[in-house]
Amino acid sequence: MRGSGRHVVFYGDDTWLNLFPAHFSRQEGTTSFFVTDYTEVDDNVTRHLDIELKNGDFDLMILHYLGLDHIGHIAGPSSPLIGPKLQEMDRIIEKIHSHLRKLQSKDSLPNLLIVCGDHGMSDQGGHGGASDSEIKVPVMFLSTRSVVNEVEWRYEEIQQTDLCATLSVLLGVPIPQNNVGKVLTDLLYNHNVEQKVQIIQENTLQILKVFQHNVGKFEEDRAYSLYQRAAKSHSHWLGHLRSNISEPAWNLQGEKIIQQYKDSMVAMTSKLSTSLTSYDMYALTVIVILIWMVFLALLIECYKPLSHPFVHHQLLMTIAFFLGCVFCHVTICTNGLTHSDVLCSVTSVHSVVVQAVVLSAFSILLPVVIQGLFTLRCNIPVSLLRVDILGVFLVGGTIIHTLSLLSSSFVEEEHQTWYFLTVTFHLLIMYLVIKSGARVVRAPGSQCHGEYDAMYTEISQDHSVHSQNDSEHNFTRLRSKCSTSDENYEVPLHERSVSERSVSRDSGGVVYTLPKGRLAACVIVLILCRIMRGINQTGNKWLLQPDLGDWLVRPENQLILSALCILSIFVIIVVKHKQLPWKQKSILSISVLTVYLYRVRTGAFFGFGIQKTQGILEARLVFAFIFVFTALEVHRTIFSNSNIFSLQNTPDINSVLAYPSNTAPRSNTVSPSNMESSSNKADVGLTLISSIQCSWVIVMTLLMKPHNILLVGMVTLQEDIIWCDLRCWILQLPVSLRTLYCLWMGQAAFFYQGNSNSLSTVDIAAGYIGLGDFNPIITGILLTLSTYAGPIFWFICSLKFASTTSEIKQGIRSITQESLCSMVHTMLLCAAFVLSVYSTLTVFQRYHLFVWTVFSPKLLYEGMRTVILSAFCFFIFIGSYFLSC
Amino acid sequence: MSAPLSTRLPNKNVYNFTLRCLFFQILALICISFILLTNDSAVNIISNCLLACELTITYFVTSCVSFSVYLPQGNTSITTTTFVKVKNGLKGCGLYIISILVFHCIAVLYGAPFFESVAETFHFAMVMTSTAVLPPLCALGINFSSWIRVFAQNKPELGPESVVQIVTILSILGAWLGAFPIPLDWDRPWQIWPITCVLGSILGHIVGLFCGAIHLMYSYRKLKKFKIT
Ligand SMILES: [Zn+2]
Ligand SMILES: [Zn+2]
């Protein structure tokens with residue numbers, strides 16, 4: 001338009017201005033990224049309308065209204081805000097159209113008003129997915145000179161690409177060079193058949209040019225022969241003199257030719273679209289192999305077979321493999337079999353760096369994997385075979401989940417898998433809890449062999465290591481530790497050696513006491529799981545079922561929502577207060593209340609008449625509070641690390657320490673003082689972790705959607721119950737399995753939030769909390785953090801669960817380091833497992849119907865999760881390094 | 001999870017009776033499954049799920065109760081009065097009902113809708129109780145300590161107890177596995193809750209009976225040989 005000297009004015013989304021700088025005669029952009037605002041963005045556009053219409057000197061005016069999209073993101077399509085907004089838009093359209101009609105005189109060219117949406121909206125109000133409601137939008141052509149009659153409405157499905165060509169023809173500018181759309185001849189009311197045929201011929205020639213440029217051996221293609229046929233009949237048609245045949249027949253012939261041209265264009269464009277989505281197979285294969293090697297290397301690390309004979313040659317082998325890899329790479333790139341833009345070009349620095357990284361990664365990993373595979377044959381790990389039912393279920397469930405991803409419906413419904421697995425796991429724990437109530441009364445005089453049985457609960461572990469002499473001492477400790485209903489202590493069943501079992505039945509009876517407290521804890525955890533999955537319905541198949549969240553965000557339920565959120569804030573404060581000194585306590589309470597105030601400001605909660613604003617100040621205040629809180633806690637940790645014994649007196653610390661200090665005496669080699677200090681050190685770590693968790697909870701309340709504050713409360717409560725009452729059953733597992741458990745819970749929490757494996761569920765609004773302006777980096781970080789809030793919460797918990805191992809042996813530091821390593825290793829192993837299986841699948845299924853709608857968004861989510869995991873692991877290493885200094 | 005070998009050899013009468021019952025039960029259940037799965041039967045599980053569940057439950061209740069009535073008393077020769085029998089029977093009924101409620105709650109925890117399709121969930125709970133709880137209820141009675149011995153300590157006596165343990169575990173496992181096809185996007189009529197889980201439970205029950213029978217025969221032979229030599 002600009003090129004042909006026309007005037008274009010633009011008002012609306014400032015993305016346009018970034019895309020087309022200096023294209024518009026007059027313009028004003030509105031920041032599109034401030035999603036929480038839905039009136040100002042539109043008023044910004046509308047206020048120019050009157051002046052422009054009066055001026056009337058433009059050739060094209062573009063108005064991009066944003067409000068509706070924003071309402072969709074905040075409140076969804078069923079929000080009561082939608083109706084008034086649509087009416088507002090209606091009035092604007094009417095205004096423009098009537099104005100244009102007024103301008104219309106007999107002989108001036110007609111004006112055209114096009115109303116269309118840039119994208120649809122899913123039933124949650126987001127977009128970016130590929131459901132019908134997201135990708136199909138209405139487009140309306142309103143001409144000011146109605147040709148046939150006033151109300152001739154026609155409905156037809158058109159391709160988005162066709163718009164460009166059609167508009168070019170209607171506005172009288174040449175069709176753009178790279179256009180692949182075809183002119184909609186139905187819209188050409190004012191053209192006769194001859195003109196139409198000519199237009200469509202130009203269109204076809206233009207597409208043919210694109211076709212010839214992009215498709216090799218185009219002469220052999222069916223599309224080209226179609227074109228030739230059309231061209232032939234066209235020339236034949238023109239060759240006829242008009243007088244030779246009747247007018248209608250001639251017109252009919254013309255329409256036929258148009259259809260032929262159109263067929264050839266369709267064939268050409270479909271060929272074009274497949275040839276344009278060609279995949280860089282070399283790069284894909286290399287990357288997939290690399291991911292598999294990372295996974296194998298991590299897996300091999302489990303068995304620890306990196307044994308002596310190879311270690312000396314490690315460096316040598318790496319160099320040899322590096323050279324080999326370079327050689328292979330150069331051969332593959334130069335022999336012309338594959339053409340890879342990413343991996344074979346040497347022109348850009350970026351690609352050279354990528355090549356170097358890939359090559360060195362290959363050469364480092366290859367010897368490790370090969371060595372591992374060689375040594376694996378020699379020693380099959382026996383240790384893995386001795387795991388109890390929980391462990392088997394955790395490992396099996398992880399494998400089941402990964403394999404389930406091979407089916408696209410299980411990817412869409414991944415949340416079901418996680419809900420199913422977590423509920424089953426907690427039911428298993430419940431079974432163990434019920435089972436643990438059974439005790440055999442020991443017959444007098446029978447000896448406790450104390451055969452160490454790692455599978456059973458910590459109660460039995462504790463007892464079996466000790467001799468009978470300190471059993472008295474031990475009982476009190478046990479009672480304090482698992483203080484539920486063990487009033488009269490009997491020897492747990494499990495600890496009897498197998499040979500003894502038959503005897504015990506005869507000599508003593510079974511006594512059963514129901515562990516009521518723990519059973520209740522289990523039931524509460526399970527009920528919380530059920531409620532949380534009911535808050536946000538997600539996935540695909542049951543997406544439309546009504547959920548608690550939809551009901552709560554209705555305006556008439558605002559009071560209930562606010563009450564529930566205050567309740568959950570109260571729960572958070574109560575749960576988290578247990579472990580903190582008063583300064584931190586007050587900061588925590590104030591910051592959570594500020595979150596509430598923030599939500600009142602944005603209009604989500606009932607606000608006792610507080611004025612509505614953007615709430616930027618409040619959000620920033622919360623961030624500041626979180627920062628201060630964390631800083632105080634870190635300071636406290638460092639301070640207490642230097643004065644270990646001063647800590648002992650503070651009661652709140654002791655309550656946290658209760659567990660580790662109880663079990664510490666088990667190691668006989670540690671002298672009391674040494675032991676005390678070591679357990680303290682671990683507990684200082686533990687308090688630090690719980691306070692980090694605490695600050696993360698505040699971040700969660702701030703970043704999540706308003707009704708999800710409820711969820712934060714429940715997740716916190718659930719975690720607290722598990723930690724306080726059911727810890728025994730999880731801590732009896734090795735660190736790697738505990739981490740697995742936390743990963744599971746994290747994944748479930750990810751879906752509780754309302755996320756899914758479709759991009760449309762990402763809550764864009766979270767990216768702008770506390771921001772006055774769009775800042776890509778901060779917005780990106782906030783968006784990531786809010787999307788993965790649940791998993792990150794459980795990552796931090798897994799740190800808590802893992803570091804609690806620091807009970808048993810001498811060097812507390814080494815054992816912590818070891819368990820941390822084990823935790824990080826499990827996390828990375830899981831991520832690599834899913835990634836390697838899934839990326840292989842995606843590469844194989846790259847021509848699948850669902851590749852863009854199901855497979856690639858999931859890959860993106862999984863990749864992002866891995867990035868977060870890696871960042872988390874990195875922080876752990878840094879943190880543990882500093883703490884151990 | 002298999003039952004560890006008990007050193008006690010079961011009574012021969014009990015052994016023969018149990019085996020015969022198992023054989024009969026397997027045959028009958030396979031027939032019932034066929035009836036449930038044939039397209040044009042009145043109790044087809046897809047078109048008429050509730051009725052199908054009721055049929056299954058009725059069958060289970062009658063067969064298990066008759067089993068417990070006719071089960072020859074083993075080594076314990078305690079004669080019980082009718083009053084005690086009736087009392088125990090009532091207690092058993094109470095346990096049965098409690099177990100239905102528990103299974104209903106578990107189904108809801110697993111994601112069964114809370115307000116809608118309550119009847120379906122309840123029928124599923126009844127089927128689960130019949131396949132997984134009724135057999136041990138009949139075989140072990142309401143004797144709490146033997147329940148603990150079988151399910152918590154994992155040392156059932158060879159005979160009905162060991163069979164019942166295997167059957168219970170496999171029935172629950174079957175129902176658990178039965179939930180997997182539900183999320184698939186095939187849109188088949190049988191994917192609706194609770195059809196697959198009911199079928200999985202019944203199938204698991206049959207497999208359990210089969211495994212129990214084989215385990216029983218195998219262990220019995222082995223123990224006998226061990227005693228002779
Ligand atoms: Zn949008
Ligand atoms: Zn948009």
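Below, all heavy atoms of this structure are taken into account, side chains as well, without hydrogens, waters or symmetry copies. Convention: sequence-line order gives letters A, B, ...; per-chain numbering from 1.
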### Message
Using every non-hydrogen atom in the two residues, find where A:Tyr431 and B:Ala152 come nearest and quote the distance to one decimal.
### Response
OH-CA, 4.4 Å
#### Entry: Closest contact, heavy atoms only, A:Val423 versus B:Leu109
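That closest heavy-atom pairing would be CG2-O, 3.8 Å.
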### Message
I need the B:Phe151 CZ to A:Ile434 CD1 distance, nearest 0.5 Å.
### Response
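Reported value, rounded in 0.5 Å steps: 12.5 Å.
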### Query
Roughly how far, to the nearest 0.5 Å, is CD of A:Gln416 from CD1 of B:Ile182?
9.0 Å
[X] portion near chain B, given a 4.5 angstrom heavy-atom threshold:
X	answer
A:Ile400	side chain
A:Thr424	both
A:Tyr419	neither
A:Ile531	neither

### Message
Using a 6.0 Å cut-off, check whether atom CZ of B:Phe122 has over 12 heavy atoms from anything other than its own residue.
### Response
no
### Query
So what's closer than 4.5 Å to chain A heavy atoms on B:Phe180: side chain, backbone, both or neither?
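Both the backbone and the side chain of B:Phe180 come within 4.5 Å of chain A.
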### Query
Where on B:Ile106 is there a heavy atom nearer than 4.5 Å to chain A: the side chain, the backbone, both, or neither?
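Contact with chain A is through the side chain of B:Ile106 alone.
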### Query
Hey, is the main chain of B:Val108 close enough, under 3.5 Å, to the side chain of A:Arg530 for a donor-acceptor pair?
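It does hold such a pair.
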### Message
Counting heavy-atom pairs closer than 4.5 Å to chain B, which one of A:Ser409, A:Cys529, A:Gly534 comes out on top?
### Response
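Heavy-atom pair counts peak at A:Ser409.
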### Query
What orientation do A:Phe393 and B:Trp176 show, parallel under 30°, tilted 30 to 60°, or perpendicular over 60°?
perpendicular
### Task
Go through B:Pro183, B:Pro113, B:Ser145, B:Cys105 and name the one with the most non-hydrogen pairs under 4.5 angstrom from chain A.
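Maximum pair count with chain A is reached by B:Pro183.
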